[in-house]
There are 2 protein chains.
Amino acid sequence: MRKKGDDKMMLRKSGYKATPARLAILNVFKRAKKPLSAQEVIETLHETDQATVYRTLKSLEEKGILRHIDLRHNHAHYELADLAEHHHLVCLECGKIEIVHHCGMEETQNRIVRSSKHFAEIKQHALEFYGVCKSCAARQKKL
Amino acid sequence: MRKKGDDKMMLRKSGYKATPARLAILNVFKRAKKPLSAQEVIETLHETDQATVYRTLKSLEEKGILRHIDLRHNHAHYELADLAEHHHLVCLECGKIEIVHHCGMEETQNRIVRSSKHFAEIKQHALEFYGVCKSCAARQKKL
DNA sequence: TTATAAATGCGAATTATTTGCAAATAATTT
DNA sequence: AAATTATTTGCAAATAATTCGCATTTATAA
């Protein structure tokens with residue numbers, strides 16, 4: 001777990017100002033046990049404007065400090081990117097989330113369910129890759 | 001590829017009425033080469049109300065006829081569930097989507113990029129499992 | 001300190017999705 | 001074929017999620 005002062009350094013190293021809003025948002029994520037939505041962050045930090053929260057989440061994501069998580073709720077979730085590799089069990093009915101470590105893959109689904117505390121069944125999984133397409137890569141080189 | 005009449009049967013077998021709106025929506029997906037958003041469907045079928053489109057997408061998803069795809073745009077995408085297994089390359093810059101067949105996994109990421117027509121780099125991937133948690137499973141048994 | 005680019009707050013705008021309800025209609029029964 | 005009925009639809013309005021413009025503030029570098 002990172003110490004307080006380290007976050008300031010970390011933000012500066014990423015080219016950001018170490019503002020109170022950003023430090024507060026990072027702290028919310030450090031305390032969180034699961035991916036958080038923008039709304040959850042906003043409710044926790046009622047002193048910070050929602051536009052600031054949205055902007056901060058997006059820029060921290062761009063620098064790889066936060067990771068964007070899609071849970072098929074109708075809004076984005078985020079978590080700290082430096083967490084150990086893991087995946088999420090998402091309840092199609094109530095939205096409950098459970099963290100899964102030690103993942104192998106589809107064949108492993110059954111094993112995961114058996115060792116899960118809260119889930120009875122896995123019905124689907126989603127795997128998406130995120131990267132940069134060639135035309136964007138070319139354009140970026142030019143700039 | 002399913003024939004026209006088969007869709008009617010298929011919908012009825014799933015417990016739905018075979019309405020013009022549903023058949024039209026299915027046809028939009030059959031013609032599509034990539035996952036579609038609700039807006040894209042609405043624009044294609046300007047004779048169908050948006051509420052109907054949203055409701056239809058959701059119910060077709062519930063019956064496993066459509067598959068929900070998260071592409072980190074700010075809205076859901078869907079595709080026909082009976083497509084061969086595949087994943088998606090999503091450009092973090094412009095949102096371009098490419099279908100990837102023959103996926104293995106993370107170690108395979110490099111191979112995927114090399115054989116991709118449009119992508120220069122994969123930076124991240126997301127893998128989520130969707131299922132039913134124990135408390136929801138219990139509640140469903142009762143009803 | 002001061003200069004300045006970056007970041008914030010505020011309000012309003014956009015986008016995405018959902019809801020309630022009356023009218024329409026597909027499938028079933030007669 | 002008409003009557004019945006539970007679904008489904010359209011419409012309009014509500015809500016949720018996210019973004020934007022702009023004036024003001026502020027972290028940092030000089």
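Basis for what follows: all heavy atoms, side chains included, without hydrogens, waters or symmetry-related copies.
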Exercise for review: Consider only side-chain N and O atoms of A:Glu40 and A:Ser37, and report whether a donor and an acceptor are under 3.5 Å apart.
Suggested key: yes
**Study point:** Residues forming a side-chain hydrogen bond (donor to acceptor under 3.5 Å, both in side chains) with A:His77, sequence neighbours excluded
**Key:** none
Point to revise | Between D:dT8 (P) and B:Glu62 (CD): distance, integer Å | key: 12 Å
**Study point:** Separation of atom NE2 in B:His77 from atom C1' in C:dT15, rounded to whole Å
**Key:** 14 Å
Practice item. Find out whether B:Leu71 and A:Asp70 are in side-chain contact, i.e. whether some heavy atom of one side chain is under 4.5 Å from a heavy atom of the other. Key: no
Review point. In whole Å, what is the span from the CG atom of B:Leu57 to the C1' atom of D:dT8?
Key: 15 Å
Study note, to complete from the structure: Rounded to whole Å, CD1 of B:Ile25 lies from P of D:dT8 at a distance of 12 Å
Practice item. Using atom CG of A:Leu23 as one end and atom P of C:dA7 as the other, report the distance to the nearest whole Å. Key: 13 Å
**Study point:** Sub-4.5 Å side-chain heavy-atom contact between B:Leu23 and B:Leu11
**Key:** yes
Practice item. Classify every nucleotide of nucleotides 18-30 of chain D by which part a protein heavy atom approaches to under 4.0 Å, writing B for the base, S for the sugar-phosphate alone and - for neither, in 5'-to-3' order. Key: BBBB----BBS--
Review point. Base, sugar-phosphate, or nothing for A:Ser37, non-hydrogen atoms under 4.0 angstrom?
Key: nothing
Review point. To the nearest angstrom, how far is A:Arg22 atom CZ from C:dG9 atom C1'?
Key: 14 Å
**Study point:** Inter-end axis angle, the helix from C:dT1-D:dA30 to C:dT30-D:dA1, with every axis fitted to five base pairs (rounded, 10 degrees)
**Key:** 40°
Check your understanding: Taking atom C1' of C:dA16 as reference, at what distance in whole Å does atom CG of B:Leu36 sit?
Key -> 16 Å
Review point. Where is the tightest heavy-atom contact between A:Phe29 and A:Leu36, given as atom of each residue plus distance?
Key: CE2-CB, 3.7 Å
